[in-house]
Amino acid sequence: MPSLTGLPLQIIVALLAIAAFVATMWLWPRLGGQGWKAWLGRLGTFFGTQIVVLAALGLVANSYFGFYTTWSDLLGLDGGPGKVVDHQPGARAVKVTGEQKMYSAQGSAKDRAGAIEKVDVSGAGSGLTADGYVYLPPQYFQPEYATARFPMALVLTGYPGTPEKLITLLKYPESALKAIEAEQLPPTVLVMLRPTPAGVGNRDTECMDIPNGPQVETFFTSDLPKAMAADYRVSDRPEAHAVMGDSTGGYCALKFALRKPDAYRAAISLSGYYEAPSDPTTGDLFDGNAELKRENDLLWRLENKPAPPVSLLLATSLNEENYHDTQKLVAAFKAPTQLSTITLDTGGHNFHTWTREIPPAMEWLGRRLAPPQTPTQPA
């Protein structure tokens, strides 16, 4: 069966839509009678054409936004329980399953453009796994950095999202490479994932440790940094860790920094919201616990909890739904938390808006992320 998000299926259905439209125009004069057969013929051609056209538009929109990644995802067949992964001493927590060329430097050597590796990440503490991509900057392969430990930025999609869109549409590796070459960003390893690990089905967990459920926050704030430090030359220092994302990924990024500053000291939210929703995709995340719900309300945390020593960047636009809530966060934060904003004159909740925000966000991150360190350099 062709891939749900693949170009071949989109082309086939688009051609079927064109053929259906042409057939309708050709048959319409022949269906001009008053009998029931003519009425059924007109209704059949009309609705048949509409269905095929809507299917073509739906496939294009799904591929662009990444709502459903597989047929089983679309049909609701993915939803089994999480799988506990037992680890043996010395086993890799990050398994490389493939590699692809840099989109901005096809055919270039790794020491000039870097490399993108497809990975599966296993969490020892949470028992969860996630598939995604790791971008290794060109310096990772250069002799002068052979013993260096690199800073890491976790990049999260929105929900449901697909990690591939972080590369093909949002172009994070390309933006990071440009910022590194311009000396606006230290050589940084990117870890590109969705906010929903494998094993939780289609459920939007809002990156929470759900009572009696999947421990997603533990996976991202504890398991992932440890796995990257163990299996790549990535620093284990929190000041060398950042997290960023759009929409749901932006909410998760801010929450990780505010709740677990020993995991991430900088966070970037692109069109993120500030309170976990409750809807059919999330279910009951809090098990009726009002205190747990408050703990995951970012405005409440800024107003009522001690301020952590982290740096936050909030990106919005004047006509974004989160604009007014963003102003509330700006008014609520206090030292030692540092807060910055990007406010576009226009922009919606979409990839085009976020591609305008990522380059300045990378430059902002470059002023806050600890650079690569060799063993001879002081911590």
Side-chain angles (χ1 to χ4, degrees), residues 1-80 103 131-132 156-171 194-206 245-249 270-271 273 277-283 319-321 346-355:
M1 183 177 292
S3 169
L4 181 61
T5 58
L7 186 60
L9 182 61
Q10 296 176 49
I11 293 174
I12 291 171
V13 178
L15 292 175
L16 288 175
I18 294 172
F21 178 78
V22 172
T24 298
M25 297 298 291
W26 182 69
L27 290 172
W28 200 259
R30 294 167 171 77
L31 301 172
Q34 298 299 319
W36 65 271
K37 291 183 179 180
W39 276 98
L40 286 179
R42 289 197 293 269
L43 288 173
T45 55
F46 178 79
F47 285 110
T49 300
Q50 294 294 313
I51 290 172
V52 180
V53 170
L54 288 174
L57 294 174
L59 285 169
V60 173
N62 181 69
S63 178
Y64 185 81
F65 290 104
F67 296 122
Y68 300 99
T69 57
T70 64
W71 290 102
S72 56
D73 190 15
L74 174 65
L75 299 174
L77 302 178
D78 290 335
Y103 276 78
D131 62 279
L156 296 173
T157 71
Y159 174 84
T162 59
E164 291 83 2
K165 301 305 180 187
L166 298 173
I167 302 171
T168 59
L169 286 178
L170 293 178
K171 301 184 184 300
R194 5 172 12 207
T196 303
V200 301
N202 295 326
R203 187 178 187 184
D204 178 7
T205 66
E206 296 296 319
D246 59 80
S247 191
T248 301
L270 311 180
S271 301
Y273 43 87
S278 179
D279 57 37
T281 67
T282 64
N319 54 324
E320 268 266 40
E321 289 185 5
T346 61
H349 199 82
N350 55 55
F351 290 119
H352 176 67
T353 297
W354 302 329
T355 56

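Keep in mind that the numbers below use all heavy atoms, side chains included, and drop hydrogens, waters and symmetry copies. For this chain, numbers begin at 1 and follow the sequence in order. Please read all numbers here as calculations on a predicted model, not as lab measurements.
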Do the non-hydrogen side-chain atoms of Val53 and Phe21 ever get within less than 4.5 Å of each other? no

Looking only at heavy atoms, the pair that brings Ser247 and Tyr273 closest together is C-CE2, 4.0 Å

Which heavy atom of Thr205 sits nearest a heavy atom of Pro195, and at what distance? OG1-O, 4.1 Å

Listed by chain and number, what are the side-chain hydrogen bond (donor to acceptor under 3.5 Å, both in side chains) partners of Ser278, not counting sequence neighbours? none

Does atom CD (Glu321) have a neighbourhood of more than 12 heavy atoms from anything else shown, all under 6.0 Å? no

Trace of the side-chain contact (heavy atoms from CB on, under 4.5 Å) decision for Thr157 with Thr162: CA-CA 7 Å; Thr157 71; Thr162 59; 5.9 Å; no

Just how far is it from atom CD1 of Ile51 to atom CG of Leu16, taken to the nearest 0.5 Å? 13.0 Å

Determine whether a donor-acceptor pair (N or O, by modelled atom type, separation under 3.5 Å) exists between the side chain of Asp246 and the backbone of Gly158. yes

Under the 3.5 angstrom rule, does the side chain of Arg194 hit a backbone N or O of Gly161 as a donor-acceptor pair? yes

In Å, rounded to the nearest 0.5 Å, how long is the span from OG1 of Thr346 to CD of Glu320? 10.5 Å

Of all heavy-atom pairs between Asp131 and Pro163, which one has the smallest distance, and what is that distance? O-CG, 3.8 Å

Do the side-chain N and O atoms of Glu206 and Thr282 include a donor-acceptor pair separated by under 3.5 angstrom? no

If every non-hydrogen atom of Lys165 is compared with every non-hydrogen atom of Phe351, which pair is closest and at what distance? CB-CZ, 4.3 Å

Between Thr248 and Asp204 the two heavy atoms that sit nearest each other are CG2-OD1, 4.1 Å

For Thr49, side-chain hydrogen bond (donor to acceptor under 3.5 Å, both in side chains) partners two or more places apart: Thr24

Value for CG (Leu270) from NE2 (His349), rounded to nearest 0.5 Å, stands at 10.0 Å

Residues in side-chain hydrogen bond (donor to acceptor under 3.5 Å, both in side chains) with Thr353, at least two apart? Asn350

So which heavy atom on Arg203 is nearest to which on Gly283, and how close? NH2-C, 4.1 Å

